[in-house]
Amino acid sequence: MGEGNIILANSMLGSDVVIGDINFINTGAIIEHEVKIGKFSHVGPNAIICGDANIGENVFVGANAIVKQGVIIGDNSIIGAGSVVLNDIPANSTYVGNPAIKIK
């Protein structure tokens, strides 16, 4: 666990989770086993990040979004609220929808 992180009430962190510095994990978020989150990222309320996912630096995962197991999200990316991410997301991208598709 890095420094300066904020983890709000009713959030769950699974085993072997690695979180960098200065991240915000919002209310009710679920971060499952062996997830890695870089620094300066935000996980929205009730978002679910499934096991063995890798979230880059400066990433925003919106409210109620789901990131499936083993997915890699590149640095500086945005995942819209309610999106379901099934595949890797390249850096500097914006994805929304179910399944998530690139809009920027």
Side-chain angles (χ1 to χ4, degrees):
M1 181 80 66
E3 295 182 10
N5 290 303
I6 298 171
I7 300 174
L8 296 184
N10 299 320
S11 295
M12 186 202 82
L13 300 178
S15 62
D16 297 324
V17 170
V18 176
I19 299 177
D21 296 334
I22 312 172
N23 291 289
F24 186 83
I25 311 296
N26 214 318
T27 305
I30 298 173
I31 313 296
E32 292 188 359
H33 62 91
E34 300 170 29
V35 169
K36 295 180 180 99
I37 300 177
K39 55 187 172 182
F40 308 117
S41 291
H42 177 105
V43 178
N46 303 309
I48 300 172
I49 301 177
C50 296
D52 201 32
N54 190 334
I55 310 302
E57 295 184 0
N58 195 36
V59 171
F60 178 87
V61 178
N64 300 306
I66 299 172
V67 177
K68 297 304 283 182
Q69 185 163 347
V71 167
I72 298 169
I73 298 179
D75 296 344
N76 307 308
S77 292
I78 298 170
I79 306 302
S83 297
V84 178
V85 180
L86 302 175
N87 300 302
D88 293 350
I89 304 294
N92 306 306
S93 300
T94 300
Y95 277 68
V96 299
N98 180 5
I101 59 171
K102 186 174 185 173
I103 62 168
K104 179 179 172 189

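All residue numbers in this chain count up from 1 along the given sequence.
Going from atom CD1 of I25 over to atom CE of M12 covers 12.0 Å, rounded to the nearest 0.5 Å. Within the model, atoms CD1 of I73 and CD of E57 stand 14.0 Å from one another, a figure rounded to the nearest 0.5 Å. In this structure, the separation between CD1 on I49 and NZ on K36 is 13.5 Å, given to the nearest 0.5 Å. Taken to the nearest 0.5 Å, the CD1 atom of I79 stands 13.0 Å off from the NE2 atom of H42. Put simply, CD on Q69 and CG on D52 are 6.5 Å apart, with the number rounded to the nearest 0.5 Å. For the atom pair OG of S83 and CG of N64, the computed distance is 10.5 Å after rounding to the nearest 0.5 Å.
With hydrogens and angles ignored, the 3.5 Å screen pairs no side-chain donor or acceptor of T27 with any backbone N or O of N10. Between the side chain of S93 and the main chain of S77, no donor-acceptor pair closer than 3.5 Å is present.
In this structure I78 satisfies the side-chain contact (heavy atoms from CB on, under 4.5 Å) test together with F60, T94, sequence neighbours excluded. Under the rule for a side chain to side chain donor-acceptor pair (under 3.5 Å), the partners of N5 that lie at least two apart in sequence or sit in another chain are N23.
Each of I37 and L8 belongs to its own hydrophobic cluster when Ile, Leu, Val, Met, Phe, Trp and Tyr are linked at side-chain heavy-atom distances under 4.5 angstrom. Under the 4.5 Å side-chain contact rule for hydrophobic residues, M1 and V35 share a cluster. Both I7 and V67 are assigned to one and the same hydrophobic cluster, defined by single-linkage of ILVMFWY side chains at heavy-atom distances under 4.5 Å. Hydrophobic clustering of Ile, Leu, Val, Met, Phe, Trp and Tyr side chains at less than 4.5 Å, counting indirect connections, unites L13 with I55. In the hydrophobic cluster analysis, where Ile, Leu, Val, Met, Phe, Trp and Tyr join through side-chain heavy atoms closer than 4.5 angstrom, V61 is grouped together with V17.
Of the candidates I19, V43, I48, I31 forms a side chain to side chain contact (heavy atoms under 4.5 Å, CB included) with just one, namely V43.
S11 and G28 make their closest contact through OG-N, 3.6 Å (heavy atoms, listed as atom of the first residue, atom of the second, distance). Residues C50 and K68 share a closest heavy-atom pair of CB-C, 3.7 Å. Taking all atoms of both residues into account, the shortest heavy-atom contact from D88 to G70 is OD1-O, 4.0 Å. Across G44 and A29, no two heavy atoms sit closer than the pair O-CB, 3.9 Å.
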### Task
Before giving the answer on side chain to side chain contact (heavy atoms under 4.5 Å, CB included), spell out for D16 and H33 the whole-Å C-alpha distance, their side-chain angles and the decisive distance to 0.1 Å.
CA-CA 6 Å; D16 297 324; H33 62 91; 5.9 Å; no
### Message
side chain to side chain donor-acceptor pair (under 3.5 Å), that's the test. Do D75 and N58 meet it? Break it down for me.
### Response
CA-CA 6 Å; D75 296 344; N58 195 36; over 6 Å; no
